[in-house]
Amino acid sequence: MRKLKGALIGCGFFAVNQMHGWRDLPEVEMVAICDRDPERLSIVGDEFAVDRRYQSAEAMFFDGGFDFVDIATTVGSHRALVELAVRHKVPAICQKPFAPTLEDAKAMVAAAEVAGIPLMIHENFRWQTPILAVKAVLDSGAIGEPFWGRVSFRSGFDVFSGQPYLARGKRFIIEDLGIHSLDIARFLFGDASRMTARTRRINPDIAGEDVATMLLDHDSGVTSIVDVSYATKLPEEPFPETFVEIDASRGTLRLGKDYRLTVHGPDGTRENRVAPTLLPWASRPWHNIQESVALIQKHWVERLAAGREPDTSGRDNLKTFALVEAAYLSAERGETVDLGDLLG
Ligand code: NAD
Ligand code: 89V
């Protein structure tokens, strides 16, 4: 079997997880890596035994020899790098957040579609084992039709030491973390058409908002609340667990601390743990996220081989990204925002 050859751009904090995920897939071989920072290039190149190392993405594409590129840089470079992949007709994965603005994201999707290259956004939270377990319960019909939901991530974890750029951006929690929670809400309850949001900044040492409360009207009729906070000091720190509550026509579902899932329906109440696997290279408490990285990358390989669009394709992710834009607009204006006006 010929291996699928991949290249990585951005060898920073999170990319190491992506490289582990690729190494675990027998059908993939990472043949080239790129980072402007020579130190990061050496660290990742040495750890994963990749000889072809570049400080310039242009030079890496010029040399070519890979079937896809995995873009793991921060948001400011995403559009230029996706457009570079498009010019070279190389299928691309781009980390979340998709782009600095919805206009950029739309332009990236259009460019990839004109060139006929697959584009997937690395939106991995919907691939977490506990979230997949929640979706399976909904799909089984065990609790009937959902009419209300809550996707909640409240923490006091210090994310700034690993990712210092998060403290500097004018936008923080919705763009960085809420984007995952909003995508989970779409995954569970379908697309949303209206957004009402309120934000706060509690931590005086950062530039952006660290608390957000969002109310979504889904086309399915579900009303959901998506609430995120990095200013919540709990007796037991739940990072990076997402809690889910669903009320439905025949019962309820609760995903709570330590991955405990309670499903109550006409047949009684079932409680079980839907904990993620601790992969050999993973470390607590990040293992939930790390496992979802491996799963989304497996999904990419399968969809590429089948010639099918990935679930979190660029086109799909425009709808998640529009929710982010809508949340900031709503919080700024103090009014409800219609998604149709943004997606056009
Ligand atoms: P980081 O700053 O640690 O790493 C980014 C790396 O990219 C740096 O080493 C930098 O030198 C390099 N770089 C930037 N622009 C470049 C360019 N044009 N060419 C070559 N190299 C370039 O950032 P990070 O924390 O690893 O985050 C990267 C991305 O991953 C962000 O978009 C972040 O939101 C995302 N992220 C996702 C998850 C998730 O679960 N999906 C978790 C953490 C971070
Ligand atoms: O998943 C992320 O994008 C990370 C974190 C979980 C720390 O917010 O930035």
Side-chain angles (χ1 to χ4, degrees), residues 7-21 32-45 53-61 69-85 93-100 104-105 120-128 131 153-169 171-184 206 208 210 212 228-230 237-242 276 282 285-297 300 312 317 320-321 324:
L8 172 84
I9 308 176
C11 299
F13 169 80
F14 201 69
V16 174
N17 298 312
Q18 292 167 228
M19 288 300 282
H20 275 293
I33 57 171
C34 167
D35 200 298
R36 288 196 294 229
D37 177 349
E39 200 185 329
R40 291 307 306 173
L41 208 48
S42 302
I43 291 170
V44 172
R53 302 175 190 184
Y54 297 85
Q55 278 185 260
S56 142
E58 283 80 3
M60 189 173 81
F61 276 102
V69 65
D70 189 11
I71 299 168
T73 59
T74 41
V75 65
S77 51
H78 287 177
R79 179 168 177 178
L81 292 173
V82 166
E83 287 177 348
L84 186 61
I93 307 171
C94 177
Q95 256 295 353
K96 52 60 62 178
F98 199 154
D104 289 315
M120 180 175 87
I121 304 306
H122 187 120
E123 178 41 76
N124 50 322
F125 272 37
R126 63 162 80 180
W127 292 97
Q128 291 175 3
I131 302 301
F153 185 108
R154 311 194 74 80
S155 164
F157 189 81
D158 169 26
V159 283
F160 308 109
S161 54
Q163 297 164 264
Y165 58 90
L166 294 178
R168 295 192 294 263
R171 292 178 165 191
F172 168 41
I173 200 168
I174 301 175
E175 183 187 77
D176 182 67
L177 186 274
I179 196 167
H180 293 306
S181 318
L182 290 165
D183 192 66
I184 290 173
I206 66 171
D210 53 2
V228 290
S229 166
Y230 273 125
E237 175 52 58
F239 181 88
E241 290 183 48
T242 296
W286 288 88
H287 61 299
N288 185 26
I289 295 178
Q290 288 166 317
E291 187 195 21
S292 69
V293 166
L295 291 175
I296 195 175
Q297 292 182 177
W300 166 255
T312 58
N317 202 257
T320 294
F321 197 79
V324 170

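Read the numbers this way: they start at 1 and go in the same order the structure lists the ligands and their atoms.
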When you measure from atom 1 (O) of ligand 2 to every protein heavy atom, which one gives the shortest distance, and what is it?
H180 NE2, 2.8 Å
N/O of K96 under 3.5 Å from N/O of ligand 2, yes or no?
yes
Would you say ligand 1 has an N or O under 3.5 Å from any N or O of F13?
yes
Does this structure show an ion pair linking D176 with K96, if we count only N-O contacts that are shorter than 4.0 Å?
yes
Measure the distances from the heavy atoms of P97 to every atom of ligand 1 and state whether one is below 4.0 angstrom.
yes
Does ligand 2 have a heavy atom under 4.0 Å from the side chain of F160, from its backbone, from both, or from neither?
neither
Check whether H180 reaches the backbone of N124 with its side chain - one donor and one acceptor, N or O, closer than 3.5 Å.
no
By number and element, which atoms of ligand 2 are closer than 4.0 Å to a non-hydrogen atom of Q163?
4 (C), 7 (C), 9 (O)
Q55 heavy atom under 4.0 Å from ligand 1:
no
What residue and heavy atom of the protein are closest to atom 21 (N) of ligand 1, and at what distance?
R36 N, 3.3 Å
Contact between S77 and ligand 1, counting heavy atoms under 4.0 Å?
yes
What residue and heavy atom of the protein are closest to atom 4 (C) of ligand 2, and at what distance?
D176 OD2, 3.6 Å
Under the 3.5 angstrom rule, does the side chain of D104 hit a backbone N or O of A99 as a donor-acceptor pair?
no
Check if F125 has a non-hydrogen atom at a distance under 4.0 Å from any atom of ligand 2.
yes
For V159, the ligand 2 atoms with a heavy-atom partner under 4.0 Å come out as 7 (C)
Atom 6 (C) of ligand 1 has as its nearest protein heavy atom D35 OD2, 3.5 Å
My understanding is that we take every heavy atom of each candidate and find the minimum distance to atom 35 (C) of ligand 1. Doing that for E58, K96, R40, which one comes out nearest?
K96
Under 3.5 Å, is there a donor-acceptor pair between the side chain of E175 and the main chain of V324?
no
To the nearest 0.5 Å, what is the distance between CZ (F125) and CG (N288)?
7.5 Å
Sub-4.0 Å atoms of ligand 1 with respect to non-hydrogen atoms of D176
34 (O)
For E123 and ligand 1, answer yes if some heavy atom of the residue is under 4.0 Å from a ligand atom, otherwise no.
no
Does R36 offer a backbone N or O that forms a donor-acceptor pair with the side chain of Q55 under 3.5 Å?
yes
Nearest-contact summary for atom 25 (O) of ligand 1 - protein heavy atom, Å
Y165 OH, 2.7 Å
Polar-atom distance check: F14 versus ligand 1, any N or O pair below 3.5 Å?
yes
Quick one: does T74 get an N or O within less than 3.5 Å of an N or O on ligand 1?
no
